[in-house]
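Keep in mind that the numbers below use all heavy atoms, side chains included, and drop hydrogens, waters and symmetry copies. Worth saying up front: this structure is predicted, and the values here are computed from it rather than measured. Every chain is numbered from 1 and lettered A, B, ... according to where its sequence line falls, protein lines coming before strand lines.
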Amino acid sequence: MLFLANVLINMYVKFNLLTDAHNVFEKMPLRNVVSWTTMIAAYSKSKQQQKALELLVSMLREGVRPNVYTYSSVLRSCKEMSDVRMLHCGIIKDGLESDVFVRSALIDVFAKLGEPEDALSVFDEMITGDAIVWNSIIGGFAQNSKNDEAMKLFKRMKRAGFTAEQATLTSVLRACTGLTLLELGMQAHVHIVKYDQDLILNNALVDMYCKCGSLEDARRVFSGMKERDVITWSTMISGLAQNGYSQEALKLFESMKASGTKPNYITIVGVLFACSHAGLLEDGWYYFRSMKKLYGIDPVREHYGCMIDLLGKAGKLDDAVKLLNEMEWEPDAVTWRTLLGACRVQGNMVLAEYVAKKIIELDPDDSGTYTVLSNIYANSQKWESVEEIRTQMRDRGIKKEPGCSWIEVNKKIHAFIIGDESHPLILEVNKKLNQLIDRMVGIGYVPETNFVLQDLEGEQMEDSLRHHSEKLALAFGLITLPVGKVIRIRKNLRICGDCHVFFKLASKLEKRSVVIRDPIRYHHFEDGKCSCGDYW
DNA sequence: TTAGGGTTAG
């Protein structure tokens with residue numbers, strides 16, 4: 001009888017008839033661990049996390065102990081660390097911690113809740129390996145932007161004799177994307193060729209090439225794909241927009257619709273971002289106002305953010321503020337920061353001061369905003385306020401993050417940190433940089449020393465302006481990379497106004513393409529121009 | 001009866 005009822009529940013679940021399954025389950029006079037687990041797994045899979053957890057509690061109350069199936073499904077439903085910890089204790093008590101299913105579920109949930117170190121300790125207790133567990137841990141670190149760690153684990157995995165398969169390679173690509181390591185990503189691409197029609201892997205590949213600033217490769221992968229889903233299209237649309245190809249992004253959006261793929265809210269973020277990147281005010285308004293009617297998607301915070309960016313940078317600061325006030329949510333630090341960026345482009349210091357204060361209220365650890373505020377006060381000779389900001393920073397223990405830039409040469413990463421002279425070629429780098437600056441001054445370059453609103457994240461003051469980390473990385477690239485090769489630099493802070501002018505001139509004088517990726521966006525410098533249209 | 005991978009304004 002019990003066996004038959006379990007079979008029946010299972011059948012309903014398979015056909016996605018959860019209510020029917022639950023009805024049978026409720027009427028059972030006797031339930032065993034299989035009955036409970038089938039229901040818990042079904043709720044867990046259909047994203048009814050609360051229900052799954054409630055069922056587990058009832059199950060324990062009736063004195064039925066969970067097995068490995070129960071634990072691995074219910075773990076996926078945890079949204080709170082406290083629940084995971086409780087389950088982890090139960091797992092140890094029941095002696096199930098060495099099961100690979102349980103282990104990979106634990107690793108996965110720790111990583112998803114942003115605790116990759118806990119995931120690693122579960123992983124490290126493992127004696128015999130399993131490919132899936134390796135994939136879980138590598139994916140966990142990649143998802144938490146711990147890209148160096150993900151790459152190290154990948155090397156360990158290979159040393160341990162495991163072969164990389166689709167899931168591994170997808171995480172590796174994600175890590176390369178986060179680190180902007182094009183060469184390494186291309187190396188991974190070689191291993192991917194055998195899975196050339198894996199949709200997820202191809203999507204990750206398109207993203208990697210876009211984010212590493214290699215649009216030709218991204219387009220090639222994209223056109224070679226036999227199957228594309230909404231993520232493929234969205235990735236390519238955002239990628240084009242981020243790299244300054246707004247018109248192409250909007251055209252691709254039309255092709256996407258023609259292909260019959262329905263856009264989701266992320267697609268529309270990409271579309272609006274394309275508009276904001278190119279200052280396409282009317283198009284932006286059109287998509288924003290019609291998204292609900294045409295695609296059934298309600299505008300959320302991110303869409304408002306794009307519009308605020310678009311309006312503000314196009315000189316409509318008043319409209320941007322109006323839209324921000326019209327939102328049905330309280331603006332968060334990110335939204336205010338969008339407006340601060342617009343104040344920078346428009347040179348509106350009065351509004352910038354107000355906005356910077358709002359950001360600090362919401363995000364008191366944001367060191368860059370203190371610098372912006374302090375620069376605003378310094379510029380209007382409000383020295384008392386400058387001192388106040390410094391005291392605040394000291395009291396709150398906030399330190400400026402030093403500017404750092406990375407460049408990949410011969411598959412090795414070279415880091416340049418402002419004020420750090422430890423790079424073995426630093427003397428040559430400085431020599432090259434000084435030569436370059438002298439040549440630029442000769443054609444009219446004046447280093448920008450007015451930092452007010454120039455330096456969005458406040459890297460350093462004038463004295464070190466000459467040696468901002470991206471300038472050092474550029475000089476190093478010019479010395480070491482062959483003529484004609486694109487110089488790709490990633491940096492931890494946003495590029496400042498002076499470096500932006502500098503890089504435009506450098507691209508012309510040295511006849512080099514340079515791509516800089518800052519934490520927010522991409523700049524392609526070529527022949528004296530930047531893909532952002534001085535609009536960042 | 002169970003597992004691992006991809007897109008989002010600043």
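Across all strands shown, A/Leu201 has heavy atoms under 4.0 Å from base atoms, whether or not it also approaches the sugar-phosphate. At the heavy-atom level, A/Asn264 lies under 4.0 Å from base atoms of the strands shown. At the heavy-atom level, A/Tyr265 lies under 4.0 Å from base atoms of the strands shown. Here A/Glu165 lies in heavy-atom contact (under 4.0 Å) with a base. Using a 4.0 Å heavy-atom cutoff across all strands shown, A/Ser73 reaches no nucleic acid atom at all. Here A/Ser72 lies in heavy-atom contact (under 4.0 Å) with a base.
In this model, no side-chain donor or acceptor of A/Thr235 finds a partner on the base of B/dT7 within 3.5 Å.
OP1 or OP2 of B/dG5 has not a single side-chain nitrogen or oxygen of A/Arg174 nearer than 4.0 Å. A close approach under 4.0 Å does occur between a side-chain nitrogen or oxygen of A/Gln242 and OP1 or OP2 of B/dA9. For the OP1/OP2 pair of B/dA3 and a distance below 4.0 Å, the side-chain nitrogens and oxygens of A/Lys112 include no atom meeting the criterion. Residue A/Lys45 places at least one side-chain N or O closer than 4.0 Å to OP1 or OP2 of B/dA3.
For A/Asp130, taking side-chain heavy atoms from C-beta onward, the closest of the listed nucleotides B/dT7, B/dT1, B/dA3 is B/dA3. Side-chain proximity of A/Arg76 to the nucleotides B/dA9, B/dT2, B/dG5 is greatest for B/dT2. With B/dA3, B/dT1, B/dG5 as the candidates, the nucleotide lying closest to the side chain of A/Gln166 is B/dG5. Distance from the side chain of A/Asp198 is smallest to B/dG5 among B/dA9, B/dA3, B/dG5. Closest to the A/Ile132 side chain, of the nucleotides B/dA9, B/dA3, B/dT1, is B/dA3. Set against B/dT2, B/dT8, B/dG10, the side chain of A/Arg494 has B/dG10 as its closest nucleotide. Residue A/Asp309 places its side chain closer to B/dG10 than to any other of B/dA9, B/dG10, B/dT7. Taking every side-chain heavy atom of A/Ser171 into account, B/dG5 is the closest of B/dG5, B/dT7, B/dA9.
The side-chain ring of A/Phe273 is not stacked on the base of B/dT8, judged by centre separation under 5.5 angstrom and plane angle under 30 degrees. Residue ring and base: A/Phe101 counts as stacked with B/dT2 (centre distance below 5.5 Å, interplanar angle below 30°).
Using cut-offs of 30° and 60° for the angle between ring planes, the A/His500 and A/Trp536 rings count as parallel.
Rounded to an integer number of Å, the gap from CZ of A/Arg301 to P of B/dG10 is 15 Å. Across the protein-nucleic acid pair, A/Met208 atom CE and B/dT7 atom C1' stand 15 Å apart, rounded to whole Å. When the P atom of B/dG10 is taken as reference, atom NE2 of A/His303 falls 13 Å away, rounded to whole Å. In this entry the distance linking CZ of A/Phe162 with C1' of B/dG5 reads 18 Å, nearest Å. Residue A/Ile266 contributes atom CD1, which lies 15 Å from atom P of B/dG10 at whole-angstrom precision. A straight line from OH of A/Tyr69 to C1' of B/dA3 spans 12 Å, rounded to a whole angstrom. Nucleotide B/dA9 holds its C1' atom 13 Å from the CG atom of A/Leu324, rounded to whole Å. Atom C1' of nucleotide B/dA3 and atom CD1 of A/Ile138 are separated by 15 Å, given to the nearest angstrom.
A donor-acceptor pair under 3.5 Å links the side-chain atoms of A/Asn492 to the main chain of A/Cys404, judged by distance alone. A/Asn202 contributes a side-chain N or O that, together with a main-chain N or O of A/Asp196, makes up a donor-acceptor pair within less than 3.5 Å. A/Arg490 places no side-chain N or O within donor-acceptor distance of the main-chain N or O of A/Asp518, the cut-off being under 3.5 Å. Under a 3.5 Å cut-off, the side chain of A/Gln197 and the backbone N or O of A/Lys226 do form a donor-acceptor pair. Of the possible polar contacts, one joining the A/Asn144 side chain to the A/Gly140 backbone as a donor-acceptor pair under 3.5 Å is found.
A side-chain hydrogen bond (donor to acceptor under 3.5 Å, both in side chains) with A/Asn243 is found for exactly one of A/His524, A/Glu248, A/Arg517, namely A/His524.
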Verdict with reasoning, A/Thr232 to A/Asp229, per side chain to side chain donor-acceptor pair (under 3.5 Å): CA-CA 5 Å; A/Thr232 322; A/Asp229 66 0; 2.9 Å; yes
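When side chains are defined from C-beta on, A/Leu18 counts as touching A/Ser46, because their heavy atoms get closer than 4.5 Å.
For the segment residues 146-158 of chain A, no residue has any heavy atom less than 4.0 angstrom from an atom of DNA chain B.
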